[in-house]
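Here the structure is laid out as structure tokens; the discussion comes afterwards.
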Amino acid sequence: MQKSYTTSIPIGRWSLITLTLFWFMLLILVPVGGLIQKLLASPVGEILHGLGSRTAVNAFLLTAKVTGMTILVNTIMGVLMARVLVKQQFRGKLLIEGFIDLPFAISPVVAGFMIVILFGPYGWLGGWLEGMGIKVVYSLPGITLATIFVTLPFVAKEVIPVYRQFGMKGEEAALVMGASQWQTFWWITLPSIKWGVIYGVTLALARSLGEFGAVLVVSGNIINQTQTATLYIHQQFTDFDYSGAYAASLVIAAVAFTILIAIQTITNRHRET
Amino acid sequence: MSIILENLRKQFGNTLVVNNVSLDIQDGELFVLLGASGSGKSTILRMIAGLLAPDSGSVKIDGVDVTHVDARKRNVGMVFQNYSLFGHLRVFENVEFGLQVRGLPKAQRRNRSKELLEAVGLTGLGHRYPSQLSGGQQQRVAVARALAYNPKVLLMDEPFGALDVKIRGTLRQNLQEIQRRLKVTTILVTHDQEEAFELADRIGVIERGQLIETGPPDVLYHHPKTEIVATFIGGGNILVGREDEAHIRLGEVLLPIPEQAPIHAHGSPVRVLFRPETVVTSREKFANNSGIYPLGQGRVLKRIFNGPVQRMVLEMQALAGVRPLKPAPQYGQPQTQIEVVETTTGLNHGVEINEVLWVGVRDYHILEPSGIKFLVYTDTPAENPPAQALALQLGQVTKGFVTLFSIVTREEELADRQSQIDHIQQVWQDRIPQIAAQVERGTLTDQLLLKIQSGNYDILVLDRQFTGIDNQHEMTPLLQYMLEQTLLPVLTVSKPSARVSHMLICTAAGEPGKSDVQVGGRLAMRTHSKVTVFSVLRPESDQAEKERVGDYLQRACRSLTGLGIDCDTLLGSGQPMEELFNEADKPAYDLIVMGAPLPQAPQRTHWPEVAFRIIRELEKPVLLVPMMVK
């Protein structure tokens, strides 16, 4: 029986493997390879010049700032939301649980547009804030807000199941053993939901680095001021400055690749313990 | 440190999970809460730990009311069902956690964790992570962790539940040793009776949120008070006999009622428990002085060899017609069966299937008389019709069982009726713990008949409008049909009545079963009512007849007085129908009990005419007791 099983299957099995590999190459390896090849074909000085330009540096700096703030806010809020959704019973809880995925479903452009409606100079809140001297849209707060919005679900979504499985029981045990809420959270809850948080943060990080649509609508794309890395690439591309675009793209791709490797390592280690 | 629970109560949504539980646990005691899953035992534990707030009632630990004290300030040790160990901490860190949050210096913590790990037999494993330990080892870490900070009490939620059977035994002994040594008051929750027997100083049996009985394992096993405990703990035979002159009648068999047995009314049902290991079988008839109570002969139906013992199921000819509660009779099974467990070294190790053996018992135990089981039909639960109101009132006063039963004709009415009836059940659950509610679809007669036959009820409570007696065209009113078909006493109710305090039992001397007096007496005993036993002499009766009837009434009254009922007799003279009616009409009586001789015996009484007239015209509750006439 065993033998016939291994001998009769190979054709189907190999063709499936081949198909998967082909698909992977077509969609991922070939484009990445193309990018690298294009980059290598460009003169080195031109690339370095492109990357070192004030515009590029400013764009990358802005992206770093926005990403940093987004991660900070989303990590704290994500854990908090997960905690509330797991532990508390209240009206509308199901609604929130259902709508937490909304930022995934909505097109980033639409999300950006919503922020402009709300916070733009003629928006409901924007006008009022502008009166107090706070500019949201076409400046850093708006870009950050848009990025936070599109990455909102990552941390909460990853933390909720882990919290349910490990956090709750551990919290009860700690409580009975005499730990305060604060001690329980830092010593028991956080360590037991750690991998969920890290995984969620990593995904949010990758996403906020590459966010384009929402930011495009909200930022106004002012060079050196509100132009993020992805917007810079787009700009270079439309200006036919291909080598600059390639270089910046490769930087973004490299960061994403590093993050991917990190996720892989994390999940593998998580599985071991 | 003692633990005292007072009227603890917890409701989740519509379900009463813990129903007025009161419990007193002594210092150093190992108390086991035994119950099926979902019986509410874990909820009780969580309320003691402070992880759940009771709806009402109080928890006292070491004399201090901690009902509103935060879990972390109760100083309680708890072993959770799946241990809830901290997976990211090493074993010794798990054990030290309780000390760490109490601010104990590191060196002392280290010493204490070493000491405890040694006590539970895990020396040298402190640096492992919980996931690197076996299930049994994890359980011991959980115990060590819970004991580390010298808690006042130790709570354990199914601590052996996740382990395989082989290591449970060793761990049980291990746990018992530690508990005895530290003398820490412990409550352990389990569904495993073997575990409960082995560990407990005392066991509390819990069912549907109610604490049924508490006591040491051997007392609960040999002398349970209730059927629930008798059937939940250990295997057993429970037969329902009848009280008969200080004896229990089980078919053709008579067993003496032991002196310390609970008092049963004359002729009332008696539930006899005998454990399979107290049953003796023999190929020869038992000698009179053998100390064995013979049960007659039985045919071997099943024999299972089990090493040291063999189990047999016997079909008992002499117990024909006796209702067994356990082993539960299968549908259509004509003969009463009993279970036997014998050592295989005895003489009968060669018994064969279908062999007929003499059967006896070495010992038996009589359960306390159960509460009266009322079945009440109601079609408008929300309006609380008179029958429903009276049944609920009686159920509460008699601490009995009430089953609310409703029937709808159309499918679409089902949900609405169900919610109405569930609501009543919920509202009354506090006052009548044994309340049940059910809705069926179909016709009144069919469904009611099915319901009566499927359960063992004592009294059917029916509103007058459903008795059919007001309908002149009906040949056999529903009331009469039910009495004839089910032989179940029926209590008819015409209008809301305040309470039952004085019953008139109308009886006819020499009537067959005396069951009117018995059923009435049982109700009177439980409602603490006064009883007047009444009979009518025809004008033409002679002196002898008069004496005979007077004597009969006196005897009836004596048996009621024996049950602690305030009883007097009354002998009327005249036309029975008129006299009965006139007496029943007196305002002193608030419930009338009448016999209903079946099949109809027109030459003796004018039932059902008298009964129907009383029901129709007096608007008092009337209890009709069917009596078989030979």
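The sequence lines fix the lettering, A, B, ..., with proteins before strands; numbering per chain opens at 1. Since this is a predicted model, take the numbers as computed values, not measurements. The figures here come from the full heavy-atom set of this structure, side chains too, leaving out hydrogens, waters and symmetry mates.
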Checklist entry - Can you say whether B/Tyr129 sits under 4.5 Å from chain A via the side chain, the backbone, both, or neither, judging by heavy atoms? => result neither
Checklist entry - Using a heavy-atom distance cut-off of less than 4.5 Å, which residues of residues 177-186 of chain A contact chain B? => result A/Met177, A/Gly178, A/Ala179, A/Ser180, A/Gln183
Item to check | Ion pair check, B/Asp201 and B/Arg180, cut-off under 4.0 Å | outcome: yes
Checklist outcome for this item: The interface call for B/Arg102 against chain A, heavy-atom contacts under 4.5 Å, is side chain
Checklist entry - Do NZ/NE/NH1/NH2 and the carboxylate oxygens of B/Lys60 and B/Asp65 come within less than 4.0 Å? => result no
Checklist entry - Less than 4.0 Å between a side-chain N and a carboxylate O, is that true for A/Glu211 and A/Arg207? => result yes
Next on the checklist: Other residues, nucleotides and ligands only: do more than 12 of their heavy atoms fall within 6.0 Å of NZ on B/Lys183?
Outcome noted: no
Checklist entry - Side chain, backbone, both or neither: which part of B/Leu89 has a heavy atom under 4.5 Å from chain A? => result side chain
Item to check | Salt-bridge present (B/Arg112, B/Glu96; N to O < 4.0 Å) | outcome: no
Checklist entry - Is the number of heavy atoms from other residues, nucleotides or ligands under 6.0 Å of A/Phe104 CZ greater than 12? => result yes
Checklist entry - Is atom CZ of A/Phe90 surrounded by more than 12 heavy atoms (other residues, nucleotides or ligands) closer than 6.0 Å? => result yes
Next on the checklist: Counting only non-hydrogen atoms closer than 4.5 Å, does B/Arg46 touch chain A with its backbone (N, CA, C, O), its side chain (CB onward), both, or neither?
Outcome noted: side chain
Item to check | Residue B/Asn82 versus chain A: region with a heavy atom under 4.5 Å | outcome: side chain
Checklist entry - Can you name the side-chain hydrogen bond (donor to acceptor under 3.5 Å, both in side chains) partners of A/Lys93, sequence neighbours left out? => result none
